[in-house]
Amino acid sequence: MTGSHRAATTTRRGTGGAARDRRSGRTRIRIVLAAAVSLLVLVTAGAGWAYLRLNGNIDTFGADGISDHRPAAASDGQNVLVIGSDARTAGNSELGGGDKNDIGRSDTAFLLHVYADHRHAVAVSIPRDTLLTIPPCKLPDGSWTETRHQAMFNEAYTVGRTADGNPACTQNTVENLTGLRVDHTVVVDFKGFSALTEVVGGVEVCVPQDIYQKDLNPGRATRGKRLFTQGVQTVSGQKALDYVRIRHGIGDGSDIGRIQRQQAFVGSLIKKVKSDGLTPTKLLPLADAATTSMTVDPGLGSADKLVSFAMSLKDIDLNDTRFVTVPWRYEGARVAIVEPDAGALWAALKADRTLDGQDAGGGSDADGKDTGASKDADASKSADASENADEEAPAEDISVTVRNGTRVTGLAARAAAVLEASGVAVTGTATASSQDHRTTVIEYGPGREAEARTLARLLGTGELRFTTGGGLDVVLGQSYADQAPGASSGADSATASPVPSEVPAEVAEGARTADEDLCAALSYG
């Protein structure tokens with residue numbers, strides 16, 4: 001009896017202990033789950049806070065200053081204009097010197113073309129002293145300027161003479177120059193650049209010779225102290241800014257030489273960022289630093305768009321990231337664009353051809369797999385455009401009328417001469433109904449797109465536009481006037497050379513890759 005009672009008691013106690021153990025186990029699981037959920041909430045909240053912080057950092061410029069007359073989007077790639085501003089506002093004068101009440105100027109600029117395959121990219125630098133046409137731009141009072149010919153490129157940013165500059169005008173100017181649609185514009189000032197180089201832990205550069213204070217500021221009476229010692233070194237903050245701004249004391253002291261060092265610097269920066277890992281975790285601190293002093297177009301004005309764009313670059317190999325300067329020559333103390341070489345460069349980018357002639361249109365990746373990207377995203381084309389978007393017609397089979405849509409005397413005759421030299425039959429030249437065309441337009445009817453493509457290549461510019469009629473017409477815009485030799489002189493008999501079908505060898509061979517030797521080709525002259 002007693003033994004049975006003890007046994008029963010033992011059994012009951014054992015059952016209760018198991019129940020308590022199960023309850024205790026469930027409690028521990030709930031605690032672990034609660035902790036995990038809490039951690040997830042904290043992490044998510046932290047990311048959300050970071051994105052909110054980034055959104056609060058970003059400034060945008062007004063889209064109302066962007067021209068209504070723009071080139072059509074030509075591919076699934078992207079064109080991003082990057083402007084380095086030397087504005088002295090918001091503490092920038094402490095880094096760059098100068099009067100804090102001065103107007104904003106563009107210190108450097110390049111157009112980054114990301115190919116449709118998202119495996120190639122090329123950055124084309126435009127020297128700030130380049131002579132070109134600045135199209136109508138919006139002023140602070142809402143009015144628009146008149147077109148300015150033979151103006152320096154960096155003057156576009158000063159239109160309106162505001163402390164923050166005029167990035168929309170620079171964007172309009174680049175579109176007018178290249179015939180390419182600029183999808184996004186990013187302006188980075190001294191503070192943003194300085195902070196970015198510090199966050200990545202410095203950028204490795206090569207200095208071709210010892211550099212002193214007078215090299216950075218030629219107005220000094222004495223040489224001053226040494227800022228850089230010859231050789232490879234890591235720079236950040238103010239020192240990185242000094243490196244990319246040095247113009248005098250190296251090579252021929254030109255802006256071209258400085259551009260080459262800036263290209264080397266950007267390549268080294270990209271290499272450092274990619275080596276650290278191009279992930280959202282790594283990108284957020286970088287974005288926080290950069291956006292503190294960044295101004296972008298409205299289409300890029302949020303943190304998720306900026307991070308998404310940065311992530312879209314992760315598959316581009318360093319060797320397939322190229323830097324080149326627009327084909328140029330000296331014209332006195334200024335820089336002139338060399339045609340038809342520049343026209344060939346813009347045409348290659350528009351067609352998503354790399355500098356060495358590869359098709360990077362996004363039809364397939366390196367393994368031959370379909371990526372789903374289309375080469376035919378030109379918004380101006382009809383849905384019944386020809387199936388082979390690269391097809392061209394023989395020049396001898398083309399007959400076309402050429403109309404002058406500008407006020408440049410004799411432009412239609414010059415274009416006609418170029419086309420006829422290639423075998424095209426020009427049935428007539430005339431003045432267009434309006435003379436304010438910025439972009440050259442090639443209007444084609446059903447079944448004539450291949451002919452239109454040939455004309456665009458021969459002229460080096462031209463937006464293809466489908467019409468329901470059966471004709472083929474060229475309406476010349478300022479884009480052609482700017483590239484045609486002698487176009488601004490008013491001569492009636494001058495002729496232009498046809499644009500090469502490929503980027504000239506000297507341009508392609510002069511390109512720099514992001515993984516190139518830091519000490520190679522650092523200065524012109």
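Given the structure is predicted, the values throughout are model-derived calculations rather than measurements.
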Visitor: Can you confirm whether Leu111 sits close enough to Leu180 that some side-chain heavy atom of one is under 4.5 Å from a side-chain heavy atom of the other?
Guide: yes

Visitor: Atom CD in Gln358, atom CZ in Arg119: separation rounded to 0.5 Å?
Guide: 12.5 Å

Visitor: Kindly give the heavy-atom pair with the smallest separation between Ala264 and Leu522, and that separation in Å.
Guide: CB-CD2, 3.8 Å

Visitor: To check you understand the geometry: which heavy-atom pair defines the closest contact between Ile256 and Trp328, and what is its length?
Guide: CG2-CZ2, 3.5 Å

Visitor: Are the side chain of Asp473 and the backbone of Glu443 linked by a donor-acceptor contact shorter than 3.5 Å?
Guide: no

Visitor: Can you confirm whether Leu177 sits close enough to Phe153 that some side-chain heavy atom of one is under 4.5 Å from a side-chain heavy atom of the other?
Guide: no

Visitor: Could you pull out the closest heavy-atom pair between Ile316 and Lys274, with the gap in Å?
Guide: O-NZ, 3.1 Å

Visitor: Checking side-chain polar atoms at under 3.5 Å, does Thr439 have a donor or acceptor matched by the opposite partner on Ser479?
Guide: no

Visitor: Main chain of Val244, side chain of Arg247: is a donor-acceptor contact present, judged purely on distance under 3.5 Å?
Guide: no

Visitor: Please evaluate residues Gln150 and Glu331 with respect to the criterion side-chain contact (heavy atoms from CB on, under 4.5 Å), reporting the C-alpha separation (whole Å), side-chain torsions for both, the decisive distance (0.1 Å), and the verdict.
Guide: CA-CA 11 Å; Gln150 291 293 293; Glu331 187 163 302; 3.8 Å; yes

Visitor: side-chain contact (heavy atoms from CB on, under 4.5 Å), that's the test. Do Phe110 and Gln262 meet it? Break it down for me.
Guide: CA-CA 10 Å; Phe110 62 83; Gln262 290 172 344; over 6 Å; no

Visitor: Side chain of Thr440, backbone of Gly477: donor and acceptor closer than 3.5 Å?
Guide: yes

Visitor: With sequence neighbours left out, write down each residue that passes salt bridge (Lys or Arg N to Asp or Glu O under 4.0 Å) with Arg148, or none if nothing qualifies.
Guide: Glu155

Visitor: Indicate yes or no: at least one non-hydrogen side-chain atom of Phe265 is less than 4.5 angstrom from one of Val203.
Guide: yes

Visitor: What I want to check is whether the side chains of Asp515 and Thr513 have a donor and an acceptor closer together than 3.5 Å.
Guide: yes

Visitor: Measuring from Thr133:OG1 to Asn172:CG, what's the distance to the nearest 0.5 Å?
Guide: 13.0 Å

Visitor: Using modelled atom types and a 3.5 Å cut-off, is there a donor and acceptor pairing between side-chain atoms of Thr197 and backbone atoms of Gly237?
Guide: yes

Visitor: Students often mix this up, so state it plainly: with edges at 30° and 60°, are the rings of His120 and Tyr115 parallel, tilted or perpendicular?
Guide: perpendicular

Visitor: To the closest 0.5 Å, what do you measure between CG (Leu349) and CG (Asn79)?
Guide: 7.0 Å

Visitor: Go through the steps to decide whether Asp356 and Thr354 satisfy the test side-chain hydrogen bond (donor to acceptor under 3.5 Å, both in side chains), and finish with yes or no.
Guide: CA-CA 5 Å; Asp356 55 1; Thr354 61; 2.4 Å; yes

Visitor: Given 3.5 Å as the limit, does a donor-acceptor pair link the side chain of Ser312 with the main chain of Phe309, or not?
Guide: yes

Visitor: So which heavy atom on Pro135 is nearest to which on Arg438, and how close?
Guide: CB-NE, 3.6 Å

Visitor: What's the separation between atom CG in Asn176 and atom CD1 in Ile134, rounded to the nearest 0.5 Å?
Guide: 10.0 Å

Visitor: To the nearest 0.5 Å, how far apart are CD in Gln238 and CZ in Phe193?
Guide: 10.5 Å

Visitor: Measure across Val503 and Ala348 and return the closest heavy-atom pair with its distance rounded to 0.1 Å.
Guide: CG2-CB, 3.6 Å

Visitor: Residues in ring pair (Phe, Tyr, Trp, His ring centres under 6.0 Å) with Phe323, at least two apart?
Guide: none

Visitor: Tell me every residue that passes salt bridge (Lys or Arg N to Asp or Glu O under 4.0 Å) with Asp320, counting only those two or more places apart in sequence or in another chain.
Guide: none

Visitor: Indicate yes or no for a side-chain donor-acceptor contact from Ser67 to the backbone of His69 under 3.5 Å, with no hydrogens or angles considered.
Guide: yes

Visitor: Decide whether Ser125 and Gln263 meet the rule of one side-chain donor and one side-chain acceptor closer than 3.5 Å.
Guide: yes

Visitor: Applying side-chain hydrogen bond (donor to acceptor under 3.5 Å, both in side chains) to His113 and Asp352, what does each step give before you reach the verdict?
Guide: CA-CA 9 Å; His113 178 72; Asp352 270 326; 2.8 Å; yes

Visitor: Please answer whether the main-chain N or O of Ala481 pairs with a side-chain N or O of Arg414 as donor and acceptor at a distance below 3.5 Å.
Guide: no

Visitor: If every non-hydrogen atom of Val186 is compared with every non-hydrogen atom of Leu300, which pair is closest and at what distance?
Guide: CG2-CD2, 3.7 Å

Visitor: Tell me, with the steps shown, if Arg512 and Gln260 meet side-chain contact (heavy atoms from CB on, under 4.5 Å).
Guide: CA-CA 9 Å; Arg512 184 184 194 94; Gln260 290 179 288; 5.9 Å; no

Visitor: Do Thr158 side-chain atoms and Arg161 backbone N/O form a donor-acceptor pair below 3.5 Å?
Guide: no

Visitor: Tell me every residue that passes ring pair (Phe, Tyr, Trp, His ring centres under 6.0 Å) with Phe61, counting only those two or more places apart in sequence or in another chain.
Guide: none

Visitor: Are side-chain heavy atoms of Asp59 and Asp164 found at a separation under 4.5 Å?
Guide: no

Visitor: For Lys272, I'd like to know if atom NZ has over 12 heavy atoms of other residues, nucleotides or ligands within 6.0 Å.
Guide: yes

Visitor: I want to check something: taking the side chain as every heavy atom from C-beta on, are Leu196 and Leu269 in contact at a cut-off of under 4.5 Å?
Guide: yes

Visitor: Check whether more than 12 heavy atoms from other residues, nucleotides or ligands sit under 6.0 Å from atom CD of Glu146, and answer yes or no.
Guide: no

Visitor: What I'd like to find out is whether the side chain of Glu506 reaches to under 4.5 Å of the side chain of Asp341, using heavy atoms alone.
Guide: yes

Visitor: Between Asn166 and Val159 (side chain of the first, backbone of the second, donor and acceptor by atom type, cut-off under 3.5 Å), is there such a pair?
Guide: yes

Visitor: Got a sec, which residues hit salt bridge (Lys or Arg N to Asp or Glu O under 4.0 Å) with Asp107, two or more places apart in sequence or on another chain?
Guide: Arg128

Visitor: With a 4.5 Å heavy-atom cut-off, do Asp129 and Met152 have their side chains touching?
Guide: yes

Visitor: Mind running side-chain contact (heavy atoms from CB on, under 4.5 Å) on Tyr480 and Val474 for me, showing each step along the way?
Guide: CA-CA 11 Å; Tyr480 184 74; Val474 172; over 6 Å; no

Visitor: Please report the interatomic distance CD1(Ile337) to OG1(Thr325), rounded to the nearest 0.5 Å.
Guide: 11.5 Å

Visitor: Would you say the side-chain atoms of Tyr243 pair up with the backbone N or O of Cys206, donor to acceptor, closer than 3.5 Å?
Guide: yes

Visitor: Using a 4.5 Å cut-off on heavy atoms from C-beta on, say whether the side chain of Arg453 contacts that of Glu449.
Guide: yes

Visitor: For Asp141, what residues pass the salt bridge (Lys or Arg N to Asp or Glu O under 4.0 Å) criterion, not counting sequence neighbours?
Guide: none

